[in-house]
There are 2 protein chains.
Amino acid sequence: MRREDVVEIRKLELFRACADETFDALVTAGFLQRFPPGVVLIQENEPSDFLYIVVEGLVEMFAGHAGRETTIGFVRPIGTFILAAVLKDQVYLQSARTLEKSRVLMIPAANVREAMQHDTAFMSAIVGELSTCYRNLVKELKNQKLRTGTERLANWLLRANEKQGGSGMVELGIGKRVLASRLGMTPENLSRSFAALGPHGVVVNGPRIRIADMETLRRFARPSRLIDDLTS
Amino acid sequence: MRREDVVEIRKLELFRACADETFDALVTAGFLQRFPPGVVLIQENEPSDFLYIVVEGLVEMFAGHAGRETTIGFVRPIGTFILAAVLKDQVYLQSARTLEKSRVLMIPAANVREAMQHDTAFMSAIVGELSTCYRNLVKELKNQKLRTGTERLANWLLRANEKQGGSGMVELGIGKRVLASRLGMTPENLSRSFAALGPHGVVVNGPRIRIADMETLRRFARPSRLIDDLTS
DNA sequence: CGTAGCATTGATGTGGGTCAACGTATGTGG
DNA sequence: CCACATACGTTGACCCACATCAATGCTACG
């Protein structure tokens, strides 16, 4: 494991405030693994053996039921997933797979729980992380229940544009079929939603999207700080 | 505030393990308020001044956007709400209103945050509570994205039946219009969904539902531990 | 009583899923 | 280098899930 990666992980909200010994112990106990794209890292309903930290690449969280499947979210460097399952020592509720070639740090769940009990600053950081994740999930539920698919796409584009500098040129960065699942629709419907956004100032060119008229798109999308803000 | 209420609150997962001084300080700092039905206790986008504990009655969590509104969940005695907002000292993402005559204990947010920093056992309980809430929310998101409205209703009935003793007679306990919002559909569609469950062994009689054929209903509903379990 | 709110039902429209066909890369092996 | 296979995105036809609008009956309550 590269030193620069360790430095980056240390900067995570989750690890920033904890003691050196805590951090070192966790990193030492962890395994750094490389995975090609498309590898399933964890599967729902399995016991939570590790806390996962994405050091490089891209991981998709998803879940299935009765023959259907949906994407819950993505984890990019540097980010963690399934913290809650690890803390409660219960089965995963989500599955995870790599979308790109990825490097992932796996920390044994028992070590995380133990570290939390011995380092108050770390536990405090966990509270912060869980609260943030909880609030993001509330926003996602509101996104799903209060908006149509096309509206979700419009807001996703606005947010992606800001993350990429606000130039009005958006690179999807993920396949459209995965984006469709993320937004809770079928690939066919995503195509039609893109078409429907044409009159609202959106020009599609393969994986490159141009927001030609930001004001019109915003008027249609109706972004809300209580749904779309990333931070909190 | 009655002594027996204090005893019950003390039994909450959130307060069970904390020090006596922590608990007493929080309860002393809190205000016990009575509200008639239909009172809005908090509104989304307002700063989080209090942690709320429902001592008696029934509270609905809901959220609105662009003229639409949806129910996120219910809080029954003894239960807490908006813990995450309080911990992050940020605005509420949900609103809350009483559905019945209720008694609610309001604890100033600053006291909660302070207590957490001074009582490790309390902080540990907060981690447990947040993890549980997070996982319940993941389940709700899966419920929404992976099921149709009628399927959600069928599973809701199965769960309500178990909570009420498993006799096969289910009392709704809330208005059908509120239930519809909870399940993410309109009141009209809830009526039709009830009708659609007739062939699957469900008999409706106003607010009293009879599950005449449990096996048939379960076969239709396809309940899953990864979506419908209350505990975890 | 009269009125207001709620549940139900029907008619109708829209969002979105399903199925099928087709085009366009991107590879792979001959 | 080409033929072929595969995966993906797009488009059209069609159908189901669900919302909307309107009308009706019911119950609860002042």
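Residue numbering restarts at 1 for every chain, and letters A, B, ... go by the order of the sequence lines.
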J.: Rounded off to whole Å, could you give me the CG-to-C1' distance for the B:Leu197 and C:dT8 pair?
T.: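 The distance from CG of B:Leu197 to C1' of C:dT8 comes to 16 Å, rounded to the nearest Å.
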J.: Which of these nucleotides, C:dT9, D:dG9, D:dC18, is closest to any side-chain atom of A:Lys176?
T.: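 From the listed options, D:dG9 comes nearest.
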J.: Return no unless some side-chain N or O of B:Thr186 is found under 4.0 Å from OP1 or OP2 of D:dA19.
T.: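 Affirmative; the distance criterion is met.
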J.: Less than 4.0 angstrom from a charged side-chain N to a carboxylate O is my criterion; do A:Asp228 and A:Arg147 meet it?
T.: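 Judged by the 4.0 Å cut-off on N to carboxylate O distance, A:Asp228 and A:Arg147 do form a salt bridge.
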J.: Go through the N and O atoms of the side chain of B:Glu188 and the base of D:dC18, and report whether any donor-acceptor pair is under 3.5 Å.
T.: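 In this structure, the two groups form no donor-acceptor pair.
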J.: Side-chain donor-acceptor pair under 3.5 Å between B:Gln43 and B:Ser95, yes or no?
T.: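 Checked: B:Gln43/B:Ser95 side chains show no N/O donor-acceptor pair below 3.5 Å.
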J.: Please report the distance, rounded to the nearest Å, between CG in A:Asn189 and C1' in D:dC14.
T.: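 Rounded to whole Å, this separation is 13 Å.
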J.: In whole Å, what is the span from the CZ atom of A:Arg147 to the P atom of D:dA19?
T.: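 Going from A:Arg147 (CZ) to D:dA19 (P), I get 18 Å.
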J.: Just compare C:dG16, C:dT9, D:dC18 and give me whichever is closest to any side-chain atom of B:Ser191.
T.: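 Nearest to the side chain of B:Ser191 among the choices is C:dT9.
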J.: Establish, yes or no, whether the cationic atom of A:Arg103 lies under 6.0 Å from the six-membered ring centre of A:Phe35 and within 45° of the ring axis.
T.: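 The answer is no, since A:Arg103 fails at least one limit relative to A:Phe35.
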J.: Rounded to whole Å, please give me the gap between CD in B:Glu69 and P in D:dA19.
T.: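 After rounding, the reported distance stands at 15 Å.
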J.: Round to the nearest Å and state the distance from B:Arg68 atom CZ to C:dT14 atom C1'.
T.: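 Between C1' of C:dT14 and CZ of B:Arg68: 13 Å.
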J.: Round to a whole Å and report the spacing from CE of B:Met185 to P of D:dA17.
T.: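 Interatomic distance, CE of B:Met185 to P of D:dA17: 12 Å.
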J.: Could you tell me whether the side chain of B:Arg192 has a donor or acceptor atom within less than 3.5 Å of a complementary atom in the base of D:dT20?
T.: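 Side chain to base: pair present.
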J.: At under 4.0 Å between heavy atoms, what does B:Gly206 touch on the DNA or RNA strands: base, sugar-phosphate, or nothing?
T.: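 Result for B:Gly206 = nothing.
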J.: Separation of B:Arg177 atom CZ from C:dA4 atom P, in whole Å?
T.: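 Those two atoms, CZ and P, are 16 Å apart.
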J.: Between A:Asn155 and A:Arg222, is there a side-chain donor-acceptor contact under 3.5 Å, judged purely by atom types and distance?
T.: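 On atom types as modelled, these side chains do not qualify, holding no pair under 3.5 Å.
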J.: Looking at A:Tyr134, is B:Lys88 sitting on its ring face, NZ or CZ under 6.0 Å from the six-membered ring centre and within 45 degrees of the normal?
T.: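 So B:Lys88 doesn't make the cation-pi contact.
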J.: Let me know the distance between CD of B:Glu151 and P of D:dC18, rounded to the nearest Å.
T.: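 Answer to the nearest Å: 9 Å.
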